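All ligand and atom numbering here is 1-based and tracks the order in the structure. These numbers come from a predicted model, not from an experiment. The basis for the numbers below is simple: all heavy atoms, side chains too, and nothing from hydrogens, waters or symmetry mates.
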Amino acid sequence: MKTLLTEEQLRQGIERMAEDIRKHYDGRPLTIVGVLTGSVVLLADLIRRLDMPLRVGLIQAQSCSVDPNRPGPLALDVGLLACDVQGRHVLLVDDIFDTGRTLWEVVPEFDNLGAKSVHTAVLLKKQGRAEVSMQPDFAAFEIPNEFVVGYGMDYRDRYRNLPYVAALEPNERAEE
Ligand code: 5GP
Ligand code: MG
């Protein structure tokens with residue numbers, strides 16, 4: 001396992017992204033929606049750096065696949081979304097923009113729910129992986145195509161607790 005982003009780098013990158021988000025919304029009320037599960041640590045850090053009136057919601061979006069290289073069909077559950085998004089600015093927060101399929105499928109759901117605007121923010125954007133025409137509106141870091149863990153992101157339920165982001169070596173992802 002090798003460290004890709006230290007705690008200090010994460011702190012600085014998230015502060016930069018929060019500053020961009022603050023400027024973009026300019027004090028307007030925001031509904032911030034975390035995509036479970038990998039985004040919860042970022043979500044907690046981000047909301048503490050935003051100063052506009054905030055509603056917070058959560059949705060579940062999981063690829064029904066055990067192989068991280070081959071995502072299966074996406075299961076979307078907006079049933080956890082406790083806050084009303086009708087007529088509101090919505091910022092979707094996810095851990096990683098990889099192929100982009102997740103956010104590409106989630107954004108229209110929020111258009112359908114009547115959001116006034118829908119934007120996306122991610123901790124990490126993987127370079128050269130996008131399979132959709134959209135890009136995240138805010139991304140704290142661009143990283144090479146490696147499988148990463150830590151800061152809320154797991155490999156088979158492990159490593160979420162790490163305060164930094166690390167890349168797993170291929171042998172560390174072998175079948176157990
Ligand atoms: P996308 O739909 O953009 O291809 O995939 C996004 C989702 O796949 C992320 O929200 C994340 O849950 C998962 N994912 C993609 N790459 C990685 C990775 O390197 N590590 C972990 N832990 N999850 C990943
Ligand atoms: Mg995810």
Participant: State the atoms of ligand 1, each with its element, that fall below the 4.0 Å cut-off from a heavy-atom position in D95.
Facilitator: 9 (C), 10 (O), 11 (C), 12 (O)
Participant: Keeping R88 on the side-chain end and K116 on the backbone end, is there a donor-acceptor pair under 3.5 Å?
Facilitator: no
Participant: Heavy-atom contacts with E146 under 4.0 Å: which atoms of ligand 1 show up? List them by number with element.
Facilitator: 19 (O)
Participant: Heavy-atom distance to atom 18 (C) of ligand 1: which of I96, L4, L123 wins?
Facilitator: I96
Participant: Give the atom numbers and elements of ligand 1 that come within less than 4.0 Å of a heavy atom of D94.
Facilitator: 10 (O)
Participant: Any idea which atoms of ligand 1 are less than 4.0 Å away from a heavy-atom of K126?
Facilitator: 16 (N), 17 (C), 18 (C), 19 (O)
Participant: Closer than 4.0 angstrom, basic N to acidic O: yes or no for E19 and R22?
Facilitator: yes
Participant: Using modelled atom types only, decide if a donor and an acceptor are shared between the side chain of R28 and the backbone of H24 within a distance under 3.5 Å.
Facilitator: yes
Participant: Run the numbers for me: atoms of ligand 1, each under 4.0 Å from some heavy atom of G100, listed by number.
Facilitator: 1 (P), 3 (O), 4 (O)
Participant: Write down the atom of M17, the atom of A121, and the distance for their closest heavy-atom approach.
Facilitator: SD-CB, 4.4 Å
Participant: Can you find a heavy atom in the side chain of L46 that is under 4.5 Å from one in the side chain of I21?
Facilitator: yes
Participant: Yes or no: does R129 have any heavy atom under 4.0 Å from an atom of ligand 1?
Facilitator: no
Participant: If you apply the rule side chain to side chain contact (heavy atoms under 4.5 Å, CB included), what do you find for T31 with F110, and how did you get there?
Facilitator: CA-CA 11 Å; T31 297; F110 282 83; over 6 Å; no
Participant: Mind checking whether V148 has a heavy atom under 4.0 Å from ligand 1?
Facilitator: yes
Participant: Please report the closest heavy-atom contact between L50 and A18, naming both atoms and the distance.
Facilitator: CD2-O, 3.9 Å
Participant: Quick one: which ligand 1 atoms are inside 4.0 Å of a heavy atom on T102?
Facilitator: 1 (P), 2 (O), 5 (O), 6 (C)
Participant: Measure the distances from the heavy atoms of F147 to every atom of ligand 1 and state whether one is below 4.0 angstrom.
Facilitator: yes
